[in-house]
Amino acid sequence: MTATAETAELRDAPVLDIDPYSMEVLRDPYPFQEALREAGPVAFLEPHGVYAVGRHAEAKTVLADYSRFTNSGGIGIQDVRQPGDFRIPSRLLEVDPPDHTRVRAVVTRVLSPLVIRRWKEGFAEKADALVTKLIETGEFDGVQDCAEAFILEAFPAAVGVRLPRVETLAIGEMRFNQSGPKNELYHAAMANAQPYLAWFEESVQRDAVLPGSIADLLFQAEEAGELEEGVASNVVRSFVGGGTDSTISGVGSALHGLARDPAQWDKVRAEPAKVKAAFEEGIRHESPFQVTYRTTTGATNLSGIRLKGDTKIGVFLGAVNRDPRQWADPDRFDIDRPQLAGAHLAMGTGVHACIGQMIARGESEALLAAMARRIKSVTLTAPATYRTINQMRMLDKLPLRVVSA
Ligand code: HEM
């Protein structure tokens, strides 16, 4: 086919006049997700002047092809290269190869399976201690008392950064609202985090991190000249920013799914290895990162749709992970789905695929396994509620009752 014939067959993106960052959509994202998927392989979101993808096939293409869809404009809706929209970009997530490749190689070595295995024992001990408390209490909030309590203890110990609850949650809320448009949520989260910014900056510096931790290994790599000056603290900052709320959200979703369906809890109890599938299905069903952006490097096309250059394109992972073209009965939480890990895109794909996924899985599986071993039944005592955050889908309250085995 000649270039002219190819161009002639291209269509403009269908226009969608829905704001995915409105409170209405953030409270109930499913109608938007469906509208986006059904609009076409890619749509133009009129309220923000950006492209959006909600189907699995196109999401994979955009995330894999950094030559046409760059990370250098940042993974939020604002272009971090534009004056006024500047924030400190992640030296991993907001750069393309070859700069990305060099940093990623060092971080991958630091997060080797050997290092992670060392931390897994600690996760199991902490999980057991927490489950003892939860059983004694009987009724508790599955978010604050369980997912949050566990991750805020297990994760900082491994990474080597002190993460007190109030400060950490305020920084997380800022991080995942800041990547959206400058709406009320953005401004409120920025104001709320203001008192903790200096603390956060200090806590990711060399002298603040715990000896023997993952952060310590990153600083050692910097001292050995494997990373440029300043990159270690930047990566630690990405770890804390990217690895805390996301995992709390994922554990919460897995627990929510299991608590709603006693038959699936029984399956996990009968076959503890199924906690892996429970976590994967949790993050497929309610993807913690609802959206991540790229920027077109020039005029291009995607599945027959013409795209302008230098324009943001959002990959709506929440929509993608419920795409009926990829999943049978996608709205159902089902731990028996074939081929979960590697097929859902909750952890991304391509060169930027989540580098902390082994940690997230190690933590979540430790907690779910300890619960499955020692808890006979887990039930919801009231409907769960969600927080409203620009980029993230995260439970606010998950009222649970458990009965000891
Ligand atoms: C359930 C938990 C988690 C989820 C759902 C998640 C999700 C993701 C996604 C979707 C990406 C790719 C974003 C993109 O391509 O735009 C990513 C990348 C990343 N994640 Fe995670 N993540 C989780 C846990 C963690 C943890 C525990 C850490 C830290 C230890 C972490 C650190 C990172 C970093 C540093 C990147 C950037 C990697 C790169 O650019 O090469 N994440 N994550």
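Atoms within each ligand, like the ligands themselves, are counted from 1 in listed order.
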Item to complete: Assess whether atom CD of Glu38 is packed by more than 12 heavy atoms of other residues, nucleotides or ligands within 6.0 Å.
Response: yes
Discussion item. Are Phe155 and Phe239 an aromatic pair, judged by ring center distance below 6.0 Å?
Written reply: no
Worksheet item: Can you tell me if Val351 has a non-hydrogen atom under 4.0 Å from ligand 1?
Response: yes
Worksheet item: For ligand 1, which part of Ile359 has a heavy atom less than 4.0 Å away: the side chain, the backbone, both, or neither?
Response: side chain
Response to the item:
Near His352 (heavy-atom distance under 4.0 Å), the atoms of ligand 1 are 12 (C), 15 (O), 18 (C), 38 (C), 39 (C), 40 (O), 41 (O)
Item to complete: Give a yes-or-no answer on whether the side chains of Ser72 and Arg81 include a donor-acceptor pair shorter than 3.5 Å.
Response: yes
Worksheet item: Heavy-atom contact under 4.0 Å between Cys354 and ligand 1?
Response: yes
Worksheet item: Taking atom 36 (C) of ligand 1 as the point of reference, which of Val103, Ile355, Leu317, Val291 owns the nearest heavy atom?
Response: Ile355
Worksheet item: Of the backbone atoms (N, CA, C, O) and the side-chain heavy atoms from C-beta on, which set of His100 has a member under 4.0 Å from an atom of ligand 1: side chain, backbone, both, or neither?
Response: side chain
Item to complete: Give the residue, atom name and distance (to 0.1 Å) of the protein heavy atom nearest atom 26 (C) of ligand 1.
Response: Gly243 CA, 3.3 Å
Item to complete: Using the six-membered ring of Tyr386, assess whether NZ or CZ of Arg27 lies under 6.0 Å from its centre and within 45 degrees of the ring axis.
Response: no
Worksheet item: Are there more than 12 heavy atoms of other residues, nucleotides or ligands under 6.0 Å from atom CD of Glu34?
Response: no
Worksheet item: Is the NZ atom of Lys267 crowded by more than 12 outside heavy atoms at less than 6.0 Å?
Response: yes
Practice prompt. Classify the contact between Arg104 and ligand 1 as side chain, backbone, both or neither, using a heavy-atom distance cut-off of under 4.0 Å.
Written response: side chain
Discussion item. Need the ligand 1 atom indices (1-based, order shown) with element for anything under 4.0 Å from a heavy-atom of Leu93.
Written reply: 13 (C), 14 (C), 16 (O), 37 (C), 40 (O)
Worksheet item: Are there more than 12 heavy atoms of other residues, nucleotides or ligands under 6.0 Å from atom NZ of Lys120?
Response: no
Discussion item. Check Arg91 with Glu228, please: is the shortest side-chain N to carboxylate O separation under 4.0 Å?
Written reply: yes
Item to complete: Establish, for the pair Arg322 and Trp327, whether the NZ or CZ atom is under 6.0 angstrom from the six-membered ring centre and no further than 45 degrees off its axis.
Response: no
Item to complete: Within a distance under 4.0 Å of any heavy atom of Ile75, pick out the atoms of ligand 1 and give their elements.
Response: 16 (O)
Item to complete: Pull out every atom of ligand 1 sitting under 4.0 Å from any heavy atom of Phe155, numbered as shown with elements.
Response: 27 (C), 29 (C), 30 (C)
Worksheet item: Tell me: protein heavy atom nearest atom 4 (C) of ligand 1, and distance?
Response: Met347 SD, 3.6 Å
Discussion item. Just to confirm my output: which protein heavy-atom neighbour is closest to atom 32 (C) of ligand 1, and how far is it?
Written reply: Gly356 N, 4.1 Å
Fill in: Per-atom contacts, ligand 1 versus Ser246 - under 4.0 Å to a heavy atom
1 (C), 2 (C), 3 (C), 4 (C), 23 (C), 24 (C)
Response to the item:
the protein heavy atom lying closest to atom 10 (C) of ligand 1 turns out to be Ala346 O, 3.2 Å
Worksheet item: Between Thr292 and ligand 1, which residue portion shows a heavy-atom distance shorter than 4.0 Å: side chain, backbone, both, or neither?
Response: side chain
Response to the item:
Within 4.0 Å of some non-hydrogen atom of Arg294, the atoms of ligand 1 are 14 (C), 15 (O), 16 (O)
Worksheet entry | Atoms in ligand 1 flagged as close to Ala360, the criterion being non-hydrogen separation under 4.0 Å | 2 (C), 24 (C)
Item to complete: For the residue pair Val110 and Val115, establish whether any side-chain heavy-atom pair is separated by less than 4.5 Å.
Response: no
Practice prompt. Please state which part of Tyr293 comes within less than 4.0 Å of ligand 1, counting heavy atoms only: side chain, backbone, both or neither.
Written response: neither
Worksheet item: According to the interplanar angle, ranging from 0 to 90°, do the rings of Tyr293 and Phe316 count as parallel (below 30°), tilted (30 to 60°) or perpendicular (above 60°)?
Response: perpendicular
Discussion item. Testing the 3.5 Å rule here: is there a donor-acceptor pair between the side chains of Ser179 and Asn177?
Written reply: no
Discussion item. Taking 4.0 Å as the limit for heavy-atom contacts, which would you say applies to Pro288 with ligand 1: side chain only, backbone only, both, or neither?
Written reply: side chain
Response to the item:
closest protein heavy atom to atom 6 (C) of ligand 1 is Phe289 CE1, 3.6 Å
Response to the item:
Quick look: Phe279 vs ligand 1, heavy-atom contacts under 4.0 Å, and the answer is side chain
Discussion item. I'd like to check Ile305 versus Pro14 (side-chain heavy atoms, cut-off strictly below 4.5 Å). Are they in contact?
Written reply: yes
